[in-house]
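Heads up: the structure comes next, in structure tokens.
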Amino acid sequence: MALNDSDHDAESASAPSTRRSKLPGWAVLGLFIYASVFALGAAKNFLVPIVLAFLLAMVFGPVRRFLERRGLHSALASLLIVMTLLIGFTSVVAALAMPVSHWVDKAPSIERQVEDKLAKVSRSLSGVFEAREKIEELAESQTEERAKPVQTVKMQDKGVTVSLAMLAPSVVAQFVFTFVLLLFLLASGDMFYEKLVHVMPTFKDKRRAISIAYTIERKLSNYLMTIVIINAGLGVSVGVGMWLLGMPSPLVFGVIAFTFNFVPYLGALAGILISAAVAMVSFEWIGWAAAAGGVYFLCNAIEGQFVTPYFVGRSLRLNTVVVFVTISFWAWLWSAIGMIVALPLLLALKTFCEHIDELRGVGDFLSERGAERDDHRITDPGD
């Protein structure tokens with residue numbers, strides 16, 4: 001009896017500590033999300049090339065199988081795909097390298113020219129710029145009175161150049177790692193799908209897993225291949241438009257339109273601003289800036305409102321608000337590369353949720369057409 005009483009006391013003593021050790025579900029979920037975001041940000045340099053390689057492997061997986069059905073060996077087909085991508089990427093970088101470096105070197109003078117052009121249009125802006133120049137002159141005069149001046153404009157330019165030079169090896173190493181990993185993933189064939197089927201416990205789970213994998217691969221491949229072709233057409237249109245306007249380096253604007261359009265909304269806005277700024281510096285009449293920005297905007301509007309919806313189809317359209325928030329989040333987390341991979345990752349997540357019954361509501365939320373499935377409309381309860 002004494003033994004039973006001691007056991008009961010021990011259990012009662014340990015019960016409060018057990019209850020205190022348990023965390024609410026929302027707290028555990030919050031800690032998991034915080035830890036995941038922190039890990040994604042901390043491991044950016046390692047995870048970015050891996051994510052890019054897996055996305056490209058899923059995009060070009062059907063291309064590899066097509067080449068294999070034509071009698072080409074898997075390793076040779078994979079090498080052909082990777083070499084084609086490498087040549088295309090190198091060509092884009094080469095086309096942008098010289099003009100962009102030239103613009104970076106002339107950034108201070110371009111800024112002054114833009115300010116001068118805007119000053120002619122707006123007297124208020126002219127007053128602001130004049131006040132700024134006076135402040136700068138006052139600061140320079142005070143600096144000259146000191147024993148040794150410590151900063152000049154040339155030192156700032158060298159700082160930008162040195163920063164880019166120090167950043168270049170890291171970026172090149174990440175892209176080399178991406179292409180090497182992509183080659184291994186493509187050359188391995190369907191090994192990952194076979195292992196995925198092998199680890200699933202039941203036949204139903206095996207079918208679901210392989211269905212999800214192939215559906216994501218097919219949608220990503222069709223979507224990105226179509227977007228590449230559309231962006232190439234947009235680049236040609238923008239380049240021709242800039243050539244007709246007499247803009248310098250119209251080929252560069254075509255490449256900018258092609259690359260920037262992979263980032264929805266923000267890419268088009270950046271291209272419009274760059275076109276207007278270069279036109280403002282290149283021509284005497286400020287109206288050419290509006291013309292260049294208008295041509296870029298018109299090409300993007302036609303592409304976004306007519307071409308992409310027609311060829312991509314509404315089945316892949318995503319919730320606009322979710323797309324904007326997703327791009328902003330990945331841009332904050334992984335900068336420019338994050339903006340590029342945000343949309344494919346969101347599309348893969350939506351496809352995954354659509355195949356899981358418990359997550360089908362999340363898939364409908366991510367989709368633009370989710371609300372259209374309901375036969376009723378949401379109305380105000382007070383009506």
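- Side-chain contact between Phe177 and Ile50 is present, with at least one heavy-atom pair separated by less than 4.5 Å.
- With Met242 as the fixed residue, the side chain to side chain contact (heavy atoms under 4.5 Å, CB included) test singles out one of Leu244, Val240, Val238: Val238.
- Partners of Ile210 under the side chain to side chain contact (heavy atoms under 4.5 Å, CB included) rule, at least two apart in sequence or in another chain, are Tyr193, Val197, Tyr214.
- The shortest distance between side-chain heavy atoms of Val37 and Phe329 falls below 4.5 Å.
- For the salt bridge (Lys or Arg N to Asp or Glu O under 4.0 Å) test, residues two or more places apart in sequence or in another chain that qualify with Arg65 are Asp190, Glu217.
- Under a hydrophobic-cluster definition in which Ile, Leu, Val, Met, Phe, Trp and Tyr are linked whenever side-chain heavy atoms come within less than 4.5 Å, directly or via other members, Phe324 and Leu346 are assigned to the same cluster.
- Rounded to the nearest 0.5 Å, atoms CG (Leu269) and CD1 (Ile274) are 10.0 Å apart.
- Looking at Tyr296 and Ile256, their side chains come closer than 4.5 Å, going by heavy atoms from C-beta outward.
- Salt bridge annotation for Asp357-Arg360: present, with a cationic side-chain nitrogen under 4.0 angstrom from a carboxylate oxygen.
- Looking at residues two or more places apart in sequence or on another chain, you find a side chain to side chain contact (heavy atoms under 4.5 Å, CB included) between Val82 and Phe179, Leu182, Leu183, Leu186.
- Residues Leu224 and Pro344 form a side-chain contact, since some pair of their non-hydrogen atoms from C-beta on lies under 4.5 Å apart.
- Around CZ of Phe262, the count of heavy atoms belonging to other residues, nucleotides or ligands within 6.0 Å exceeds 12.
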Pair up each side-chain donor or acceptor in residues 330-343 with any protein partner under 3.5 Å, not counting sequence neighbours, and list the distances.
residue	atom	partner	partner atom	Å
Trp334	NE1	Leu40	O	3.0
Ser335	OG	Lys44	NZ	3.4

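- The nearest pair of heavy atoms linking Val228 to Phe258 is O-CE1, 3.6 Å.
- Leu72 and Met83 fall within a single hydrophobic cluster, where Ile, Leu, Val, Met, Phe, Trp and Tyr are joined by side-chain heavy atoms under 4.5 Å apart, directly or via other members.
- The distance from atom OG1 of Thr326 to atom CG of Leu349, rounded to the nearest 0.5 Å, is 8.5 Å.
- The salt bridge (Lys or Arg N to Asp or Glu O under 4.0 Å) pairs that include a residue from residues 67-86 are Arg64-Glu68, where partners are two or more places apart or lie in different chains.
- Taking 4.5 Å as the limit, some side-chain heavy atom of Met225 sits within range of a side-chain heavy atom of Phe60.
- Between the OG1 atom in Thr202 and the CZ atom in Arg207 there is a gap of 11.0 Å [rounded to 0.5 Å].
- Linking Ile, Leu, Val, Met, Phe, Trp and Tyr whenever their side-chain heavy atoms come within less than 4.5 Å puts Leu185 and Phe46 in one cluster.
- Shortest non-hydrogen contact noted between Ala276 and Ala289 is O-CB, 3.4 Å.
- Pairs engaging residues 225-246 under the ring pair (Phe, Tyr, Trp, His ring centres under 6.0 Å) rule: none recorded [sequence neighbours left out].
- Exactly one of Thr178, Leu56, Leu345 qualifies for a side chain to side chain contact (heavy atoms under 4.5 Å, CB included) with Val51. That residue is Leu345.
- Nearest approach of Ala75 to Ala187, heavy atoms of both residues: CA-CB, 4.4 Å.
- Counting heavy atoms from C-beta on, the side chains of Phe260 and Asn231 never come closer than 4.5 Å.
- A side-chain donor-acceptor contact under 3.5 Å links Thr351 to the backbone of Leu347.
- Although no hydrogens or angles enter the test, the distance criterion places no donor-acceptor pair under 3.5 Å between the side chain of Ser221 and the main chain of Arg218.
- Across every non-hydrogen atom of Asp205 and Pro201, the tightest pair is OD2-CG, 3.5 Å.
- The shortest heavy-atom contact between Cys353 and Gly363 is CB-N, 3.7 Å.
- Linking ILVMFWY side-chain heavy atoms closer than 4.5 Å, directly or via other members, places Val236 and Ile272 in two distinct hydrophobic clusters.
- The distance from the OG atom of Ser275 to the CG atom of Leu245 is 9.5 Å, given to the nearest 0.5 Å.
- A distance of 7.0 Å separates CG of Asp364 from CD of Glu354, quoted to the nearest 0.5 Å.
- Counting heavy atoms from C-beta outward, Trp288 and Met247 have side chains that stay 4.5 Å or more apart.
- When hydrophobic clusters are built by joining Ile, Leu, Val, Met, Phe, Trp and Tyr residues whose side-chain heavy atoms come closer than 4.5 Å, directly or via intermediates, Val321 is not grouped with Leu266.
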